[in-house]
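Below: one structure, written as structure tokens.
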Amino acid sequence: MAKSPMRVAVTGAAGQIGYSLLFRIANGDMLGKDQPVILQLLEIPDEKAQKALKGVMMEIDDCAFPLLAGMTAHSDPMTAFKDADVALLVGARPRGPGMERKDLLEANAQIFTVQGKALDAVASRNVKVLVVGNPANTNAYIAMKSAPSLPAKNFTAMLRLDHNRALSQIAAKTGKPVSAIEKLCVWGNHSPTMYADYRFATIDGQSVKDMINDHEWNKDVFLPTVGKRGAAIIEARGLSSAASAANAAIDHVRDWVLGTNGKWTTMGIPSDGSYGIPEGTMFGFPVTTENGEYTIVQGLEIDEFSQERINITLKELQEERDGVKHLVG
Ligand SMILES: NC(=O)c1ccc[n+]([C@@H]2O[C@H](COP(=O)([O-])OP(=O)(O)OC[C@H]3O[C@@H](n4cnc5c(N)ncnc54)[C@H](O)[C@@H]3O)[C@@H](O)[C@H]2O)c1
Ligand SMILES: O=C(O)C[C@H](O)C(=O)O
């Protein structure tokens with residue numbers, strides 16, 4: 001029997017990421033090739049943005065996607081999020097050259113208060129929320145705090161782009177395919193303080209740490225390359241990453257909904273206190289997923305270098321959180 005459609009709300013639908021994301025959702029890349037979807041697209045109530053959104057929708061129509069069971073345009077989150085099963089919160093200002101993501105906090109935080117409240121009021125009680133708009137962890141925290149009637153675990157932030165970037169760097173260093181790399185993770189904030197950690201990673205059962213065996217490369221090349229990749233792309237393109245960000249959003253939600261079959265991935269999730277990260281902190285953790293639920297990988301040894309890195313990224317998140325206290329009460 002055909003599955004009933006899932007409602008997917010996407011904000012910032014006429015933006016750069018939206019343009020790479022919507023077609024793939026409608027094509028079944030995110031929820032499965034047998035899962036019909038209804039797209040509920042939100043843009044700001046501005047004539048130009050709404051007109052651009054109409055143009056994107058015309059193109060989506062012109063793809064005649066068999067899985068697309070409906071599509072609506074919105075300028076109000078209260079209608080865009082109605083009964084949403086999945087909500088991708090992309091719409092926010094991107095940074096330009098010379099900015100850090102936390103510089104966007106002031107400009108973007110308000111958006112996530114309003115949208116968290118709207119999700120709380122009208123979305124499915126099981127809605128899976130992914131925040132992409134920067135600074136992603138703190139925006140996800142704001143949305144979660146603004147939606148007290150929804151389970152906190154339904155709110156997540158995107159660390160998957162960092163995870164995928166780390167996979168590619170390790171593949172290049174070892175000369176092995178990305179598909180062979182397992183048990184990689186990225187701890188903390190989607191910012192240059194994030195800690196991409198390959199100490200547990202394996203390729204065909206062999207330790208990646210032993211294969212690379214170069215702490216200086218880890219510290220001076222790998223971590224800065226992954227941590228500053230967003231800025232490098234802005235510098236090169238003049239615009240922030242878009243297709244790779246959309247791809248990471250697809251990967252994040254697909255794995256959350258369809259499961260990882262025991263494999264690790266990275267999600268920004270509200271901490272349950274694991275690894276000493278205070279409960280509720282929106283933090284990148286290694287997870288596995290099954291039946292629509294994620295579970296933090298437990299029992300990993302945190303050595304001195306790793307603990308230092310984790311403390312730095314945690315401190316930054318706590319400072320960001322303190323900066324938005326007035327919004328979340
Ligand atoms: N977490 C990550 O890994 C990651 C990666 C790339 C980009 N980003 C972030 O994603 C966000 C979007 O990037 P982009 O390149 O698509 O930007 P963009 O400027 O091209 O598009 C953003 C769109 O969001 C819309 N928008 C703004 N406020 C909105 C609101 N309140 N409701 C609905 N729509 C709204 C804008 O009108 C615009 O069309 C930025 O904050 C960027 O920094 C995050
Ligand atoms: O770096 C940015 O500002 C955009 C995005 O977060 C990225 O990592 O590419």
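The analysis underlying the following values was restricted to heavy atoms, covering all of them including side chains, and did not include hydrogens, waters or symmetry mates. Start at 1 and go down the list; that is how both ligands and their atoms are numbered.
- A donor-acceptor pair under 3.5 Å links the side-chain atoms of Asn108 to the main chain of Asn134, judged by distance alone.
- Aromatic ring centroids of Tyr198 and Phe222 lie under 6.0 Å apart.
- Closest protein heavy atom to atom 32 (N) of ligand 1: Gln115 NE2, 3.3 Å.
- Annotation for ligand 1: atoms under 4.0 Å from non-hydrogen atoms of Ser240 are 15 (O).
- In this structure, the side chain of Thr313 engages the main chain of Asn189 through a donor-acceptor pair within 3.5 Å.
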(message) Quick one, Glu316 with Thr193, criterion side chain to side chain donor-acceptor pair (under 3.5 Å). Give me CA distance, side-chain angles, the key distance, then yes/no.
(response) CA-CA 8 Å; Glu316 181 183 48; Thr193 66; 2.6 Å; yes
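- For the residue pair Trp256 and Thr289, the shortest heavy atom distance occurs at CA-CG2, 4.2 Å.
- Looking at Gln50, its side chain does come within 3.5 Å of a backbone N or O of Glu43 through a donor-acceptor pair.
- Ile234 belongs to no hydrophobic cluster with other residues, because no ILVMFWY side-chain heavy atom falls under 4.5 Å from its own, directly or through intermediates.
- Against a heavy-atom cut-off of under 4.0 Å, Met158 is close to the following atoms of ligand 1: 1 (N), 2 (C), 3 (O).
- For Lys145 (side chain) and Leu327 (main-chain N/O), no donor-acceptor pair under 3.5 Å exists by modelled atom type.
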(request) Start with the C-alpha distance between Arg93 and Met99, add both sets of side-chain angles, then the distance that settles side chain to side chain contact (heavy atoms under 4.5 Å, CB included), and finish with yes or no. (result) CA-CA 12 Å; Arg93 216 184 116 190; Met99 291 171 79; 3.8 Å; yes
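- With a 4.0 Å cut-off on non-hydrogen atoms, Leu161 touches ligand 1 through its side chain and not its backbone.
- Counting the atoms of ligand 1 from 1 in the order shown, those under 4.0 Å from a heavy atom of Ala245 are 5 (C), 6 (C).
- The protein atom (non-hydrogen) at minimum distance from atom 18 (P) of ligand 1 is Gln16 N, 4.0 Å.
- Checked by atom type and distance alone, the side chain of Asn154 never pairs as donor or acceptor with a backbone atom of Val129 at under 3.5 Å.
- At the top of the distance list for atom 21 (O) of ligand 1, counting protein heavy atoms only, stands Gly15 CA, 3.2 Å.
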(message) Go through it in stages, so that I can follow the logic: the residues are Lys117 and Asp120, the test is salt bridge (charged side-chain N to carboxylate O under 4.0 Å, His left out), and I'd like the CA-CA distance, side-chain angles, deciding distance and then a yes or no.
(response) CA-CA 5 Å; Lys117 284 183 182 157; Asp120 200 47; over 6 Å; no
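- By heavy-atom distance, the residue among Val132, Leu104, Leu130, Leu41 lying nearest atom 1 (N) of ligand 1 is Val132.
- Closest to atom 17 (O) of ligand 1 among all protein heavy atoms lies Pro94 CG, 3.5 Å.
- Among all non-hydrogen protein atoms, the one lying nearest atom 16 (O) of ligand 1 is Ile17 N, 3.0 Å.
- Not one N or O on the side chain of Arg229 forms a donor-acceptor pair closer than 3.5 Å with the backbone of Leu161.
- Contact residues for ligand 2 (protein heavy atom closer than 4.0 angstrom to any ligand atom): Arg95, Arg101, Asn134, Leu161, Arg165, His190, Gly230, Ile234, Ser240, Ser241.
- The protein heavy atom nearest to atom 38 (C) of ligand 1 is Glu43 OE2, 3.5 Å.
- For atom 2 (C) of ligand 1, the closest non-hydrogen atom on the protein side is His190 NE2, 3.2 Å.
- Among all non-hydrogen protein atoms, the one lying nearest atom 29 (C) of ligand 1 is Ile44 CG2, 3.4 Å.
- Close approach of ligand 1 to Arg93 is summarised as follows: ligand atoms under 4.0 Å from at least one heavy atom of the residue are 40 (C), 41 (O).
- Residue contact check for ligand 1: Arg160 places no non-hydrogen atom closer than 4.0 Å to it.
- Distances below 4.0 Å separate heavy atoms of Gly12 from the following atoms of ligand 1: 23 (C), 24 (O), 25 (C), 33 (C), 34 (N).
- Remark: side-chain polar atoms of Asp162 are not paired, donor with acceptor, to backbone N or O of Val226 under 3.5 angstrom.
- The shortest separation from a heavy atom of Ala242 to ligand 1 is not under 4.0 Å, leaving the residue out of contact.
- Remark: the backbone N or O of Arg160 is not paired with any side-chain donor or acceptor of Thr266 at under 3.5 angstrom.
- Taking a cut-off of under 4.0 Å to the non-hydrogen atoms of Ile111, the atoms of ligand 1 that pass are 28 (N), 31 (N).
- Side-chain atoms of Gln40 do not come within 3.5 Å of backbone N or O of Arg7 as any donor-acceptor pair.
- The parts of Ser241 lying near ligand 1 are both backbone and side chain, judged by heavy-atom distances below 4.0 Å.
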